[in-house]
Amino acid sequence: MNGYDDDPYEGAVSLSQRAMAGLRGSAPDADYLEGLNEAQRAAVEALDGPVLMLAGAGTGKTKALTTRIAHLIRTGRAHPGQILAVTFTNKAAREMKERIARVLGEVEGMPWLGTFHSVCVKLLRRHAELVGLRSNFTILDTDDQIRLLKQLILAANMDEKRWPARQLAGLIDGWKNRALTPDRVRGGETAHFNNRGSELYAAYQDRLKTLNAVDFGDLLLHMVVIFQAHPDLLAEYQRRFRYILVDEYQDTNTAQYLWLRLLAQAHRNICCVGDDDQSIYGWRGAEVGNILRFEKDFPGAKVIRLEQNYRSTEHILAAASVLISANEGRLGKTLWTATKGGEKLRLIGHWDGEEEARWIGEEIEALKRGTRGLDPIGLDDQAILVRASHQMRAFEDRFLTIGLPYRVIGGPRFYERLEIRDAMAYFRLAVSPEDDLAFERVVNTPKRGLGDKAQARIQVLARELGLSLYDAARRMVAAGEIGGKAGAQLRLFVENIARWHAAVQGASPATAVSPADDDDALIELDEGAVPPANDHSHIRLAEEILEESGYVEMWVNDKTPEAPGRVENLKELVKALEQFENLQGFLEHVALVMDNDSGEGEAKVSIMTLHAAKGLEFPAVFLPGWEDGLFPSQRAMDETGKKGLEEERRLAYVGITRAEEICTISFAGNRRVYGQWQSQLPSRFIDELPARHVEVLTPPGLYGGGFGAAGNVGGFGGGFGGGFGGRDDGLETRAAKADVYNSPGWKRLQERASAPPRARPTTVRTVDSVAFGVGDRVFHQKFGYGEVIDLDGDTAAVEFDKAGSKHVKAGFLKPAVGLDDVPF
DNA sequence: GAGTGACCTGACTTT
DNA sequence: CAGGTCACTC
């Protein structure tokens with residue numbers, strides 16, 4: 001039984017009748033339309049034809065979107081199965097599903113609702129044979145992808161150092177994002193990667209086909225190829241999906257855009273919701289252009305703007321609006337709010353990253369208690385949003401120390417951990433022994449005495465006979481070709497796989513045939529979890545696999561400090577299986593749904609990246625690390641210049657607009673980068689904030705050093721004072737910043753830093769455009785911190801704190817800016 | 001074949 | 001500060 005083979009309209013009759021009946025009995029039944037503002041209502045009621053909903057941050061777009069779906073169903077325009085709604089994240093899909101259920105109740109069923117990727121997996125499982133795959137294909141993660149590419153690069157006789165697999169992966173991803181198959185890569189681009197880019201891409205696709213595997217990009221790419229090559233099939237889906245809704249349209253890439261356009265071009269009932277100011281996935285191939293050209297693609301499209309913000313206070317909204325106005329080429333929106341007053345955006349500088357974490361920890365506790373006349377804000381209602389995940393560590397360390405409960409969303413993922421990936425490889429082998437990548441991964445983990453040589457022999461035989469590694473290994477065992485201990489171990493390994501595989505098939509023959517024959521899965525697109533009770537035999541099997549393979553034992557016997565944690569994680573992995581009916585379902589879930597948030601339990605502060613925060617809101621938000629190079633990120637600016645900078649600015653905008661009541665931006669003067677202390681300049685975005693909406697907080701000063709100390713060596717201080725005032729509000733901003741310097745704590749620090757007054761250096765040498773002279777504190781890669789006692793030409797005499805006095809080349813010295821430098 | 005230490009290089013954001 | 005790779009040793 002599956003929904004696709006059924007006439008899609010057959011089941012619809014009863015549903016629409018019910019819907020119609022509901023409608024007939026009920027003018028009051030349309031109460032779900034109440035509470036919408038004018039624009040939202042227009043967006044909900046413009047059911048037919050193309051609609052572009054430009055929805056600013058916090059303007060209630062999810063509400064509009066879900067109400068629109070409810071309206072489609074209630075007016076009888078479509079039954080749920082004829083509606084396709086795509087989102088970008090599983091989180092968004094889940095939320096929409098919940099809200100639709102709230103409006104509709106459970107009676108009427110659910111639309112096709114999921115991420116682009118999860119919808120495509122379901123479709124591709126049905127039509128896999130059209131691109132030369134079987135419906136039980138595996139979805140590779142980045143790790144597998146890289147390993148595969150590395151092999152291909154080696155096979156092509158290229159130096160993998162000069163031509164790293166990562167780079168090729170990026171190139172191929174880029175092509176797939178633009179829906180380019182190897183033969184469609186054109187012109188100069190084929191010359192990428194040492195002239196062999198498209199050649200390797202073709203080889204990679206071949207290899208994937210042989211492995212019956214796809215990577216993430218393929219999910220979209222294959223579906224686009226299929227739709228383009230099979231108009232009849234496309235027509236069927238066009239008929240089926242009569243109404244299409246797309247969330248976060250500004251983040252669609254070309255492949256997704258084509259996919260949507262193919263599906264929508266016949267009936268043109270497509271409603272895209274987006275905000276060009278929140279486009280933050282350009283690096284992943286998203287094309288803001290898609291949203292900008294919507295009206296061209298769908299002539300006569302209604303464009304509806306949602307501009308009333310219900311989330312943030314006046315000052316927060318104003319600050320965000322001014323900041324984003326520095327970007328060019330926006331569609332432009334004027335967000336407004338009826339809320340007056342509230343806290344200004346708060347800004348504070350700290351000596352270093354640890355100090356910043358310490359202060360934020362205390363501030364969170366203060367907010368929780370309720371401070372300065374504010375209502376208490378619970379930990380669940382507070383979040384720290386960082387630019388890059390490595391920034392989270394300082395907060396985790398600090399919060400562990402003070403016992404402040406926190407949850408990390410997104411961070412280093414559970415399913416990406418070494419031991420989990422190994423265990424998953426075992427599961428994959430049990431489900432499909434011919435999974436060569438999984439075989440390679442664990443054939444010698446734990447050690448079975450099967451080193452490079454033995455593995456190479458298996459590879460050779462497999463290639464000669466066109467077998468999977470597993471089958472090749474089995475033959476070699478049967479022929480006794482590998483002797484001694486290794487041979488015996490290999491025999492045990494393949495016999496184990498055979499037995500596990502038999503157990504998997506015996507346990508759930510129905511699902512083993514084709515996981516796609518499951519119409520419920522079409523509706524529960526992103527869940528994968530199957531609540532009904534099952535016999536849990538797959539859990540026992542999983543335990544057996546991990547035991548019999550010796551994998552658990554390997555970690556139990558491991559004496560490294562992290563080993564116990566890994567064993568714990570394996571237990572947790574097995575526990576996670578409880579929510580699934582079988583191993584296959586679990587594997588698919590893991591491939592598609594990488595988020596593992598544990599929403600339960602006591603109240604906790606959330607720590608996450610700005611990217612992960614999109615679509616969320618919190619009464620109190622902390623935005624640490626606003627320093628040039630970190631945020632905006634140096635790499636983004638280097639790689640894509642102004643375009644990159646504007647995307648970073650949108651990220652800043654997303655961050656600020658997450659806040660409802662309190663938004664605190666902070667920066668540190670010093671930060672450890674690559675394990676090395678570096679002085680930091682406040683983010684240029686700070687200069688762009690409108691001073692009248694910003695309150696500058698007094699840094700605590702009792703803890704660390706002062707900014708003035710660094711000023712002498714040209715680092716922080718000079719840049720700080722001179723860096724402000726780029727915008728109209730500059731003067732005000734500068735005045736506000738001056739408050740920082742006038743604060744008592746700051747002054748004291750400055751005094752401390754400059755007293756006793758240093759002798760004016762007689763000679764000044766410029767290193768990396770920073771000057772230092774006799775008497776200055778310096779840092780040397782090898783000898784550490786010290787003080788310059790003499791300068792002579794290129795040579796400096798330095799008294800090092802630990803290494804004693806040395807003569808070194810001035811070029812090897814850097815002005816010291818770390819904690820060690822502060823002379824008190 | 002496996003274990004060790006020296007070196008190097010890269011470092012963000014994610015479906 | 002990581003993790004990965006290489007050369008070297010047992």
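Excluded from the calculations below are hydrogen atoms, water molecules and symmetry mates; all remaining heavy atoms, backbone and side chain alike, are included. Letters A, B, ... are given to chains in the order of the sequence lines, protein chains preceding strands, and every chain is numbered from 1.
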Establish, from distance only, whether the side-chain atoms of [X] and [Y] form a donor-acceptor pair under 3.5 Å.
| X | Y | answer |
| --- | --- | --- |
| Gln151(A) | Glu440(A) | yes |
| Thr252(A) | Asn290(A) | yes |
| Asp218(A) | Gln205(A) | yes |

When the distance from [atom1] of [X] to [atom2] of [N] is rounded to whole Å, what number comes out?
| X | N | atom1 | atom2 | result |
| --- | --- | --- | --- | --- |
| His390(A) | dT14(B) | NE2 | C1' | 16 Å |
| Glu646(A) | dT13(B) | CD | P | 22 Å |
| Asp638(A) | dG10(B) | CG | P | 14 Å |
| Arg166(A) | dT9(B) | CZ | P | 16 Å |
| Glu396(A) | dC1(C) | CD | P | 17 Å |
| Glu647(A) | dC12(B) | CD | P | 16 Å |
| Asp215(A) | dT14(B) | CG | C1' | 14 Å |
| Gln676(A) | dC8(B) | CD | C1' | 15 Å |

Note to self: Need to verify one output field. Residue with the more 5' nearest nucleotide on DNA chain B, Thr142(A) or Gln634(A)?
What the structure shows: Gln634(A)
Notebook entry, point to check: Hey, which of these two, Ala612(A) or Lys447(A), hits DNA chain B nearer its 5' end, going by closest nucleotide?
Noted result: Lys447(A)
Checklist line | salt_bridge(Lys176(A), Asp215(A)) N-O dist < 4.0 Å | finding: yes
Note to self: Could you check whether Arg650(A) pairs with Glu647(A) (Lys NZ or Arg NE/NH1/NH2 to Asp/Glu carboxylate O, under 4.0 Å)?
What the structure shows: yes
Notebook entry, point to check: Looking at side-chain heavy atoms only, is the closest gap between Phe116(A) and Val246(A) below 4.5 Å?
Noted result: yes
Which nucleotide in the list [options] gets nearest to the side chain of [X]?
| X | options | result |
| --- | --- | --- |
| Ser389(A) | dT14(B), dT13(B), dC12(B) | dT13(B) |
| Thr115(A) | dT15(B), dT13(B), dC12(B) | dT15(B) |
| Ala388(A) | dG3(B), dT15(B), dC12(B) | dC12(B) |

Base, sugar-phosphate alone, or nothing: which one does [X] contact when heavy atoms must sit under 4.0 Å apart?
| X | value |
| --- | --- |
| Tyr281(A) | sugar-phosphate |
| Ala486(A) | nothing |
| Lys150(A) | sugar-phosphate |
| Asn444(A) | sugar-phosphate |

Next item on the list: Measure across Asp275(A) and Ile291(A) and return the closest heavy-atom pair with its distance rounded to 0.1 Å.
Entry: N-CD1, 3.9 Å
Next item on the list: Fill in the dot-bracket string of DNA chain B, one character per base: . for unpaired, | for a pair to another strand, ( ) or [ ] for pairs within the strand, taking Watson-Crick or G-U pairs under 3.5 Å.
Entry: ||||||||||.....
Item checked: Pi stacking test for Trp283(A) and dT13(B): under 5.5 Å apart, planes under 30° -> yes
Next item on the list: Check the geometry between Phe216(A) and dT15(B) and answer yes if their rings are stacked (centres below 5.5 Å, planes below 30°), otherwise no.
Entry: yes
Notebook entry, point to check: Does dT14(B) have OP1 or OP2 sitting under 4.0 Å from an N or O in the side chain of Thr609(A)?
Noted result: yes
Notebook entry, point to check: Looking only at side-chain N and O atoms, does Arg393(A) come under 4.0 Å of OP1 or OP2 in dA2(C)?
Noted result: yes
Next item on the list: Could you tell me whether the side chain of Arg387(A) has a donor or acceptor atom within less than 3.5 Å of a complementary atom in the base of dT13(B)?
Entry: yes
Donor-acceptor list for residues 606-617 of chain A side chains, cut-off 3.5 Å, not counting sequence neighbours:
residue, atom, partner, partner atom, Å
Ser606(A), OG, Arg407(A), NH1, 3.2
Thr609(A), OG1, Ala612(A), N, 3.0
His611(A), NE2, Ile280(A), O, 3.1
His611(A), NE2, Trp283(A), NE1, 3.4
Lys614(A), NZ, Glu248(A), OE1, 3.4
Lys614(A), NZ, Asp251(A), OD2, 2.2
Lys614(A), NZ, Gln278(A), O, 3.3
Glu617(A), OE1, Arg311(A), NE, 2.6

